[in-house]
Amino acid sequence: MKNKIALIGVGCTSFAEHFDKSYSDLVVEAANEAVKEAGIEIKQIDAAWLSTAFPEAGVWKGRSGMDLAEPLGLFDIPITRVSNYCASAGDAFRNACLALLSGEHKIALVLGVEKLRDRSPQDSIVNMMVNQGHPFYQKGFTAAGTFACYATRHMHQYGLTREDLALVTVKNHRHAVKNPKAHYRKEISLEFAMNSPMIAYPLTLMDCCPTTDGAAAAILVRTEDAKSFNKNYVVVKGQGLSVSTGWDLPFYQEGYDFLSFQATRTTARMAYQQAGIKNPFKEIDFVELHDCFSNVELLTYEDLGFCEPGQGVTLIREGLTNFEGKLPVNLSGGLLSCGHPVGATGLRMIYELTRQLQGQAGERQLKKADVGLAHNIGGPGAVASVTILGKL
C-alpha cells in the first residue's frame, strides 16, 4: 500500500453540540468540503464507505449506505456501511484503499458521521449496551469504569499519578485553543483538571472525553492519478487493523495484566511494516491518538512503541508530546477537547494529519510535518486501527 493511495481532498465539520443540524446536514457539510478541495463533482465518485458506529443511539441514521447516498444524491454505486466500535472510520478508510488498489474503482469517498447529542440519558450508549448486550457481562459496564482499571493498574505497577493524568488533558486543551473544529477551545489549569468531579477513580470529569456530534470525510484515488485532481495531495504510507477478540472482555481473560492493549500493538506492527518504520519515535513527526480517557493516551505511547512499557509518564512529564516537543501528540486537542462522535473520530484525525502535511494547519502548524500517524482503539481495547500518512 505504501505511496500507492493518495488523499486529494478532506473535509470536517466542527465537532460540537449540533442541535440545529441533522445527521444528513453533517454528511453534506463534510463531503462538500472534501469534494471542493479534490476538484471533482459528487457524480464522479464511484464507490463510498460510511462509518457510523451506533445508528441505534438516538437518531436512527447510518444503518445502511442509503444514509450517505440520499443526502448527497450519490446513487447507483456501491456504498458500504462500516461499524467497528471506535475504529469504524479507520476500517472504512482501509477498505476504500484496498478497493482502489484492486483497480475496481477510481475515486472513493470515505465519510464518518455520528450524532450523539440528540438523545436523552435513557437512550445513552451505556443503556443501549446494557439492554442489548450480553445479559451478564454488560451489567454495570461503563467506558470510564473499564478504562479506570487500566489507570489503577499502572499506578500500582509503574507509579502513574493523578497529576500525570491531568497533564494529558491540560496539554490537549491547550492545543485545542488553536483548532477551530474542536468542541472545547479553552485552556484549563492542572488544579482545575485534578479537582473536577470524580467519575471513576482515578479518572475525573476532565480525564473523560465529551459526547459530541460531527462528521469528517476524505476523497481517495490511486497516487498515479492524483496530480490530475489536486497537486497538494498526501499519500498513505501504512495501514493496519486488528480485532484481538481474546481481549474483548479482559475482565474475564485469565492472566490479563491491564498494562497494554494487544490490538494497538498488533495494528501498529502492521502499519509500521508497510511504511518501513523501524523507530517510530524518531521517524514519525506527529500523532493523533485515541485519548478517550487521559490514561489511554499514556498507555498508547507505550503500545505504539514510542517508549518502553511504563515510560509513557516520562514523555508527558518532560513535555515531549507538547506542541514544542520532539513528538507532538493530539495537536487538534484530541478526543478530550474535540469530543468523540464515534464513527467520525478516525476521519477527523486523518483530516488533521492531512492539513499538517499540506502545511495548512494554521496556528497549530508544525515546522516539520512529513509523516503523521492516526490511531483509534475501540470497545474495551478489542479493536484498533493505525493509519500512517506522509508526503510522496
Does the distance from a Lys or Arg side-chain N to an Asp or Glu carboxylate O, for [X] and [Y], drop under 4.0 Å?
| X | Y | value |
| --- | --- | --- |
| Glu297 | Lys171 | yes |
| Asp164 | Arg317 | yes |
| Lys231 | Glu37 | no |
| Lys4 | Glu224 | no |

[X] vs [Y] side-chain heavy atoms within contact, under 4.5 Å:
| X | Y | answer |
| --- | --- | --- |
| Asp303 | Leu299 | yes |
| Leu101 | Met1 | yes |
| Val27 | Asp67 | no |

### Task
Please assess Glu33 against Arg355 for the test salt bridge (charged side-chain N to carboxylate O under 4.0 Å, His left out), listing each intermediate value before the final yes or no.
CA-CA 13 Å; Glu33 182 182 353; Arg355 289 289 176 253; 3.5 Å; yes
### Query
Has Lys178 got its NZ or CZ under 6.0 Å from the middle of the six-membered ring of Phe323, at an angle within 45 degrees of the ring axis?
yes
### Task
May I have the step-by-step check of salt bridge (charged side-chain N to carboxylate O under 4.0 Å, His left out) for Arg117 and Glu17, ending in yes or no?
CA-CA 6 Å; Arg117 295 299 295 154; Glu17 294 180 328; 2.8 Å; yes
### Query
Is the distance between the ring centroids of Tyr150 and Phe293 less than 6.0 Å?
no
### Query
Do the side chains of Ile284 and Ile350 join up, straight or via other hydrophobic residues, at under 4.5 Å, putting them in one cluster?
no
### Query
Could you go step by step and tell me if Arg364 and Glu352 meet the salt bridge (charged side-chain N to carboxylate O under 4.0 Å, His left out) rule?
CA-CA 10 Å; Arg364 63 192 187 282; Glu352 177 69 20; 2.9 Å; yes
### Message
Are more than 12 heavy atoms, taken from residues, nucleotides or ligands other than Tyr158, located less than 6.0 Å from that residue's OH atom?
### Response
yes
### Query
Within a reach of under 6.0 Å around NZ of Lys278, are more than 12 heavy atoms found that belong to other residues, nucleotides or ligands?
no
### Message
One pair to check against salt bridge (charged side-chain N to carboxylate O under 4.0 Å, His left out): Lys391 and Asp370. What are the steps and the verdict?
### Response
CA-CA 6 Å; Lys391 300 177 182 179; Asp370 296 324; 3.3 Å; yes
### Query
With distance as the sole test, does Thr345 use its side chain to make a donor-acceptor pair with the main-chain N or O of His340 at under 3.5 Å?
no
### Task
Specify whether Phe306 and Tyr301 have parallel, tilted or perpendicular ring planes, treating 30° as the upper limit for parallel and 60° as the lower limit for perpendicular.
tilted
